[in-house]
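Please read the structure below before turning to the comments.
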Amino acid sequence: MTEVRAKKALGQHFLTDLNIARKICDSLSGGTSSAPCPVLEVGCGMGVLTQFLLRRDDVVTWGAEIDSESVAYLHAHYPEFAPRLIEGDFLRMNLRERFPEGLRIIGNFPYNISSQIFFKVLENRDLVPECEPPGSKEYGILSVLLQAWYDIEYLFTVNETVFNPPPKVKSAVIRLRRNATERLGCDEPLFVKVVKASFGQRRKMIRNSLKSVFGDFGGAEHPFFTQRAEQLSVTDFVELTNWVAAHRQ
């Protein structure tokens, strides 16, 4: 996998280690040989993950690839995959129309759009029981939102040297599996707004972060106000959201 020009502009770092690629693909759960489940690979590149997915008889492998050179490469080298390779932007795809029965998602996501991909997974969480990308263990807005609806399992670390070009940081392969949560017990759009506001000024106490978005709450105070966002759990944020709903002006 030596052709990297096409994806540099997209922030892509190509995985080059076949053993790592096989390990990632083997970690993805599937259906059965008699009832395979659909799996969508986001950003197929030169097919390093694709080749191992296509060998499995418990999944039906689909792909989303925005780069025309990569699409041409995949058509030439994996012709059996071509009918299920969608040339276009995953972020603009209507997953509900294409996969009404649900799907699993896997991929070596470009660093510069990985957060957008995760937000799309969250928007379609009723369709996506599992997502398996390289990612980060850093606790932030996305971590809280994902943990609200997914169990996050750290699988293994991937060194910089197995990518071309190598990134400046190590990657962690993680597995997201939909948890049993159907409702958070709060206004969910407000929950997202509270989480984003809390991390918006993460060096400050939550009091200051929330007041910059919601006002001063008529002078009312919550015990969490003296903490910072990274100190709160998902359950804490649910409680805080309900408090904000009751006290915002």
Side-chain angles (χ1 to χ4, degrees), residues 1 3 6-7 10-16 18 20-135 146 149-150 153 155 171 173-178:
M1 190 173 62
E3 178 58 70
K7 290 277 184 96
L10 300 177
Q12 182 78 349
H13 296 267
F14 286 97
L15 180 63
T16 59
L18 294 182
I20 295 293
R22 182 186 296 108
K23 190 175 179 180
I24 292 172
C25 291
D26 287 348
S27 299
L28 181 74
S29 63
T32 65
S33 57
S34 59
C37 65
V39 171
L40 177 65
E41 182 186 358
V42 177
C44 305
M46 300 294 139
V48 172
L49 291 178
T50 314
Q51 61 185 303
F52 296 108
L53 291 171
L54 291 174
R55 296 175 189 176
R56 294 180 55 165
D57 61 5
D58 61 338
V59 301
V60 177
T61 303
W62 292 75
E65 177 54 62
I66 197 171
D67 177 66
S68 58
E69 290 186 33
S70 294
V71 169
Y73 179 93
L74 292 164
H75 277 225
H77 290 80
Y78 305 99
E80 73 279 19
F81 182 48
R84 299 187 303 278
L85 177 59
I86 304 162
E87 183 173 3
D89 186 352
F90 168 75
L91 297 177
R92 296 177 179 271
M93 286 177 57
N94 188 325
L95 299 180
R96 207 163 298 279
E97 286 185 358
R98 289 186 178 274
F99 304 98
E101 301 301 318
L103 73 158
R104 287 165 171 76
I105 293 176
I106 191 171
N108 174 29
F109 300 164
Y111 286 99
N112 61 345
I113 64 167
S114 60
S115 292
Q116 297 174 60
I117 292 173
F118 280 125
F119 278 117
K120 188 172 182 71
V121 169
L122 283 169
E123 291 170 4
N124 293 273
R125 57 185 179 271
D126 58 317
L127 294 177
V128 185
E130 184 172 332
C131 178
E132 190 161 352
L146 286 171
W149 287 286
Y150 284 89
E153 182 182 0
L155 297 180
S171 297
V173 177
I174 59 176
R175 177 163 52 209
L176 277 59
R177 283 182 169 157
R178 188 72 171 86

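As the structure is a prediction and not an experimental result, all values here were calculated from the model.
Remark: side-chain polar atoms of R104 are not paired, donor with acceptor, to backbone N or O of P129 under 3.5 angstrom. For the pair E65 (side chain) and V71 (backbone), a donor-acceptor distance under 3.5 Å is absent. N94 places a side-chain N or O within 3.5 Å of a backbone atom of E97 that can act as its donor or acceptor partner.
The side-chain heavy atoms of F90 and L40, taken from C-beta on, include a pair separated by under 4.5 Å. Counting only heavy atoms from C-beta outward, the side chains of V39 and V60 never approach each other to under 4.5 Å.
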side-chain contact (heavy atoms from CB on, under 4.5 Å) between I174 and L155, worked out: CA-CA 5 Å; I174 59 176; L155 297 180; 5.9 Å; no
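Here the CZ-CE distance, from F14 to M46, works out to 4.5 Å after rounding to the nearest 0.5 Å. In this structure, D58 CG and C37 SG are separated by 6.5 Å, a value rounded to the nearest 0.5 Å. Between atom CG of residue D57 and atom OG of residue S34 there is a gap of 9.5 Å, rounded to the nearest 0.5 Å. Going from atom CZ of R175 over to atom CD1 of I106 covers 10.0 Å, rounded to the nearest 0.5 Å. The CG atom of N124 sits 14.0 Å away from atom CZ of F119, with the distance rounded to the nearest 0.5 Å. The SG atom of C25 lies 7.5 Å from the CZ atom of R56; values are rounded to the nearest 0.5 Å.
Taking every heavy atom of both residues into account, G107 and E41 meet most closely at CA-CG, 4.4 Å. What you find for Y150 and V128 is that their closest heavy atoms are OH-O, 2.6 Å. Among all heavy-atom pairs drawn from K120 and M93, the shortest one is NZ-O, 2.7 Å. Taking all atoms of both residues into account, the shortest heavy-atom contact from G45 to S70 is O-CB, 3.5 Å. In plain terms, the two heavy atoms of G102 and P38 that are nearest each other are O-CG, 3.2 Å. What you find for V59 and G30 is that their closest heavy atoms are CG1-CA, 3.9 Å.
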Return a table of donor-acceptor pairs under 3.5 angstrom between the side chains of residues 75-89 and protein atoms on other chains or two or more places apart.
unit_1 : atom_1 : unit_2 : atom_2 : d
H77    : ND1    : Y73    : O      : 3.0
R84    : NE     : T61    : O      : 2.7
D89    : OD1    : L91    : N      : 2.9

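Applying the side chain to side chain contact (heavy atoms under 4.5 Å, CB included) test between V48 and each of I24, N108, T16, L18 identifies L18 as the sole match. Just one of R125, R177, R178 meets the salt bridge (charged side-chain N to carboxylate O under 4.0 Å, His left out) condition when paired with E130; it is R177.
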